[in-house]
Amino acid sequence: MLKSDYFDRPAFETIRPRVQRAPFVFNSPHSGRDYPKRFVDQTRLDELSIRQSEDAFVDELFGRAPNFGAPLLRAHFPRAYLDVNREPYELDPVMFEGQLPDNYNTMSPRVAAGLGTIAKIVAEKKPIYRTKLSLADAHMRIEGIYKPYHAALQNLLSQTLENFGIAVLIDCHSMPNLDKRGNASAPDIVLGDRFGSTCHPMIADLTDTLFTTAGLKVARNRPYAGGFTTKTYGKPGNNVHALQIEIGRHLYMNEVTLEKSANFAHMQQLTHQLISLLVRLDLREFIDQPRAAE
């Protein structure tokens, strides 16, 4: 067994309100910036390059969710180290010593792109590792961090569903500027609900309206329709809804230096307005009642 890279500190945390007052759960899985020394020693990248995969500061943008009565789950581990928005064992076999078990997903488009559960590259296709990893390393990260993270998320949603009869997951992310080639119609915000299958349209519509009213360009499901987390947990027929929100990093930070811009406070205020609107929704009419036996 390989000792956990986070044996002496939490890999993630749940920030709960004193009293949960709304059936919403906020999740920031890619904003972690605690880089373990062993991982840093494994990489061939400098300190700034390795951080290019971060959804930097997204946990801060949505950080007041508990103040509005909704829990926030956030990662401390970085996305370049472990991506919990993938299947548990979605891995590239060329990255590892020895042969991967047959039940691992080694053929997905995400693996082919170098962006599996344990990524091979960061932005601009820069390779992360100096040498191949051991299977024990993958096992430590996935069994010791990935699975507990999803257990914590499932627990939050289950408790919310039990208390309110409905639960809504807001999966919070950021994205690179899509307007790099002068595409004036490129969106600032992308909302993903797997083309209407994971979330009641009113939740997505309200989110769309808030950002649009603020002067931002909003797209639905293109180029991001919602990842593993949205697809896995968003089951409206079971009264669990999931919406992925991608916020353009150019709106609040310098994408090269990874420093907050002067507009950060404005975007933070805007996300707080969104949270405030969402938690005030009366979702009782959208609760699917069990069908009577025929």
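Because only heavy atoms are used, hydrogens play no part in the values below, and waters and symmetry mates are left out as well, while side chains stay in.
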Please check this pair: side chain of [X] against backbone of [Y], looking for a donor-acceptor N/O pair closer than 3.5 Å.
X    : Y    : result
T160 : A167 : no
R86  : G227 : no
N221 : F195 : yes
Q273 : L210 : no
N239 : L161 : no
S49  : D46  : no
Q20  : A22  : yes
D193 : C199 : no

Practice prompt. Check whether more than 12 heavy atoms from other residues, nucleotides or ligands sit under 6.0 Å from atom CG of D102, and answer yes or no.
Written response: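 Not buried by this count: 12 neighbours or fewer within 6.0 Å.
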Worksheet entry | Neighbour count above 12 (heavy atom, 6.0 Å) for R9 CZ |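 Count over threshold, so yes.
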Fill in: Axial cation check for F57 ring with K260, 6.0 Å and 45° limits
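Flagged: K260 positioned over aromatic ring of F57.
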Fill in: K231 to F228 six-membered ring, cation-pi geometry met (6.0 Å, 45°)
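No, a cation-pi geometry is absent between K231 and F228.
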SB check [X] [Y] (cutoff 4.0 Å):
X    : Y    : value
D41  : R38  : no
R220 : D205 : yes
D55  : R249 : yes
E54  : R79  : no
E90  : R110 : yes

Discussion item. So, using side-chain hydrogen bond (donor to acceptor under 3.5 Å, both in side chains) as the criterion, who are the partners of R16 when residues are at least two apart?
Written reply: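 R16: side-chain hydrogen bond (donor to acceptor under 3.5 Å, both in side chains) contacts with Q159.
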Fill in: From CA spacing to verdict: side chain to side chain contact (heavy atoms under 4.5 Å, CB included), D59, R33
CA-CA 11 Å; D59 55 339; R33 43 194 175 270; 3.4 Å; yes
Worksheet item: Under the side chain to side chain contact (heavy atoms under 4.5 Å, CB included) criterion, do L270 and L251 qualify, and how do the steps go?
Response: CA-CA 11 Å; L270 194 59; L251 297 173; over 6 Å; no
What heavy-atom pair brings [X] and [Y] nearest, and what distance separates the two atoms?
X    : Y    : result
L72  : G63  : CD2-CA, 4.0 Å
Y146 : L82  : N-CD2, 3.7 Å
L100 : D92  : CD1-C, 4.2 Å
P187 : A219 : CB-CB, 3.7 Å
F68  : H272 : CZ-O, 3.8 Å
L191 : D208 : CD1-N, 3.7 Å

Under 3.5 Å side-chain donor-acceptor pair for [X] and [Y]:
X    : Y    : answer
D137 : H139 : no
S31  : S28  : yes
H30  : N85  : no
S158 : N155 : no
Q244 : E246 : yes
N254 : E259 : no
Y233 : H150 : yes
Y89  : E143 : yes
H250 : D188 : yes

Given side chains that start at C-beta, do those of [X] and [Y] come closer than 4.5 Å, heavy atoms only?
X    : Y    : result
L91  : N105 : no
D171 : I245 : no
L153 : T229 : yes
L61  : Q268 : yes
I128 : F39  : yes
N27  : Y149 : yes
Y129 : I121 : no
V190 : M175 : yes

Mind checking whether [X] and [Y] sit in one hydrophobic cluster, side chains of I, L, V, M, F, W, Y counted as touching below 4.5 Å?
X    : Y    : value
I15  : L156 : no
L216 : L243 : yes
L157 : L278 : no
Y224 : V84  : no
V279 : I170 : yes

Worksheet entry | Atom pair CD1 (I287) and CZ (F164), whose distance is rounded to the nearest 0.5 Å |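 I287 CD1 to F164 CZ: 10.5 Å, rounded to 0.5 Å.
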Worksheet item: What is the distance from atom CG of L281 to atom CD of E285, rounded to the nearest 0.5 Å?
Response: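 One finds 10.0 Å between CG of L281 and CD of E285.
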Fill in: Chi angles and distances behind the ring pair (Phe, Tyr, Trp, His ring centres under 6.0 Å) call for F12, H76
CA-CA 5 Å; F12 58 88; H76 293 310; 8.3 Å; no
Discussion item. Between F96 and S134, is the side chain to side chain contact (heavy atoms under 4.5 Å, CB included) condition met? List the steps.
Written reply: CA-CA 6 Å; F96 298 91; S134 67; over 6 Å; no
Discussion item. Tell me if the aromatic rings of Y81 and Y6 count as close, with their centers under 6.0 Å from one another.
Written reply: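 Close enough - the centres of the two rings lie under 6.0 Å apart.
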